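Since the structure is predicted, the reported quantities are computational estimates derived from the model, not experimental observations.
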Amino acid sequence: MLLLTPVMALSMVSMNAQGFPEGPGKSTFENTCGGCHGADIVIGQTGTREVWQDTVDSMRGRGALGTDDEFKQIVNYLTKYFGVPVNVNTAPAKDLESLDLTTVEAAAVVKYRTDKGKIKDWDDFAKIDGIDAKKVEPIKSRLKF
């Protein structure tokens with residue numbers, strides 16, 4: 001039975017890790033926060049940078065261990081992948097930039113919806129001339145239509 005415990009623990013970590021998007025800060029987040037929290041505690045949650053900073057500060061105050069740089073990476077990761085959703089049909093260009101769009105790409109989205117009407121779904125969004133859909137795909141759950 002004692003031999004199975006490490007195997008079970010590794011498989012649980014693997015299951016939790018499957019729910020998190022790949023990106024800068026993921027491994028720091030998993031290593032720092034994953035010992036106490038599974039994917040279910042974060043997936044489905046959203047927040048502004050300030051909300052995630054407050055959450056990380058609270059965890060740090062409760063004993064989470066890490067450097068200032070590691071906690072900054074965690075806040076950046078959570079903000080990018082679990083940030084506030086943005087409605088691509090109503091958001092001003094500046095808000096679209098929070099989706100990792102450049103100023104030019106955000107303007108392309110605004111131009112598309114002005115010229116062609118409502119963006120219905122991810123497939124419509126991915127076809128917009130002038131945006132790099134592959135860059136946005138990891139955070140497409142933050143796009144609202």
Side-chain angles (χ1 to χ4, degrees), residues 6-145:
V7 172
M8 289 171 54
L10 283 174
S11 68
M12 288 177 69
V13 168
S14 173
M15 287 189 319
N16 285 338
Q18 289 176 1
F20 295 114
E22 291 298 326
K26 177 184 177 185
S27 63
T28 304
F29 170 75
E30 290 174 334
N31 293 336
T32 305
C33 306
C36 297
H37 302 292
D40 60 323
I41 199 85
V42 175
I43 293 182
Q45 301 294 316
T46 62
T48 62
R49 175 171 296 283
E50 292 76 22
V51 166
W52 288 121
Q53 185 66 60
D54 288 348
T55 301
V56 168
D57 288 346
S58 176
M59 294 301 108
R60 193 174 195 179
R62 294 179 194 184
L65 301 176
T67 66
D68 288 344
D69 186 56
E70 289 170 330
F71 286 114
K72 183 178 179 180
Q73 288 176 40
I74 292 167
V75 169
N76 289 341
Y77 177 79
L78 292 170
T79 301
K80 179 174 181 173
Y81 296 100
F82 301 98
V84 176
V86 176
N87 187 316
V88 298
N89 288 299
T90 60
K94 184 165 179 65
D95 291 351
L96 292 169
E97 290 177 30
S98 75
L99 298 168
D100 270 359
L101 295 177
T102 65
T103 302
V104 172
E105 289 173 319
V109 173
V110 172
K111 181 173 176 15
Y112 179 93
R113 70 184 191 211
T114 301
D115 294 349
K116 299 186 179 180
K118 188 175 180 180
I119 302 165
K120 294 180 214 79
D121 54 27
W122 169 253
D123 290 335
D124 273 359
F125 184 85
K127 293 176 188 171
I128 296 173
D129 237 4
I131 65 160
D132 180 0
K134 287 184 182 183
K135 176 178 75 173
V136 181
E137 189 166 14
I139 60 171
K140 72 181 182 182
S141 65
R142 291 188 48 212
L143 278 63
K144 298 299 172 202
F145 303 96

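Taking CG of Asp54 as the start and CE of Met59 as the end, the distance is 11.0 Å to the nearest 0.5 Å. Note: Lys140 NZ to Asp121 CG = 10.0 Å, rounded to the nearest 0.5 Å. Note that CG of Asp124 and CG of Leu143 are 12.0 Å apart. Values are rounded to the nearest 0.5 Å. Rounding to the nearest 0.5 Å gives a distance of 12.5 Å between CG of Asn31 and CG of Leu65. A distance of 11.5 Å separates OG1 in Thr79 from CD1 in Ile74, rounded to the nearest 0.5 Å. Note: Thr32 OG1 to Glu70 CD = 5.0 Å, rounded to the nearest 0.5 Å.
The minimum heavy-atom distance between Pro21 and Phe82, with the atom names listed, is CD-CZ, 3.8 Å. The two residues Ala106 and Ala93 have their closest heavy-atom pair at CB-O, 3.4 Å. Here the closest heavy-atom approach between residue Thr102 and residue Glu97 is recorded as O-CG, 4.1 Å. When all heavy atoms are compared, the tightest approach of Val86 to Ser98 is CG2-OG, 3.6 Å. Asp68 approaches Arg60 most closely through the heavy-atom pair OD1-NH2, 2.6 Å. Between Arg49 and Val75, the closest heavy-atom pair is NH1-CG1, 3.6 Å.
Proximity of a side-chain donor or acceptor of Asn89 to a complementary backbone N or O of Ile119 within less than 3.5 Å is detected. In this structure, the side chain of Arg113 engages the main chain of Val88 through a donor-acceptor pair within 3.5 Å.
The shortest distance between side-chain heavy atoms of Glu105 and Val109 does not fall below 4.5 Å. Looking only at side-chain heavy atoms (C-beta outward), Val136 and Ile131 stay at 4.5 Å or farther from each other. At a threshold of 4.5 Å between non-hydrogen side-chain atoms, the residues Pro138 and Lys80 do not count as touching. Counting only heavy atoms from C-beta outward, the side chains of Phe20 and Tyr81 never approach each other to under 4.5 Å.
In the displayed structure, Asp69 atom CG is contacted under 6.0 Å by more than 12 heavy atoms of other residues, nucleotides or ligands. Enclosure of atom NZ in Lys135 by more than 12 non-hydrogen atoms of other residues, nucleotides or ligands within 6.0 angstrom is indicated.
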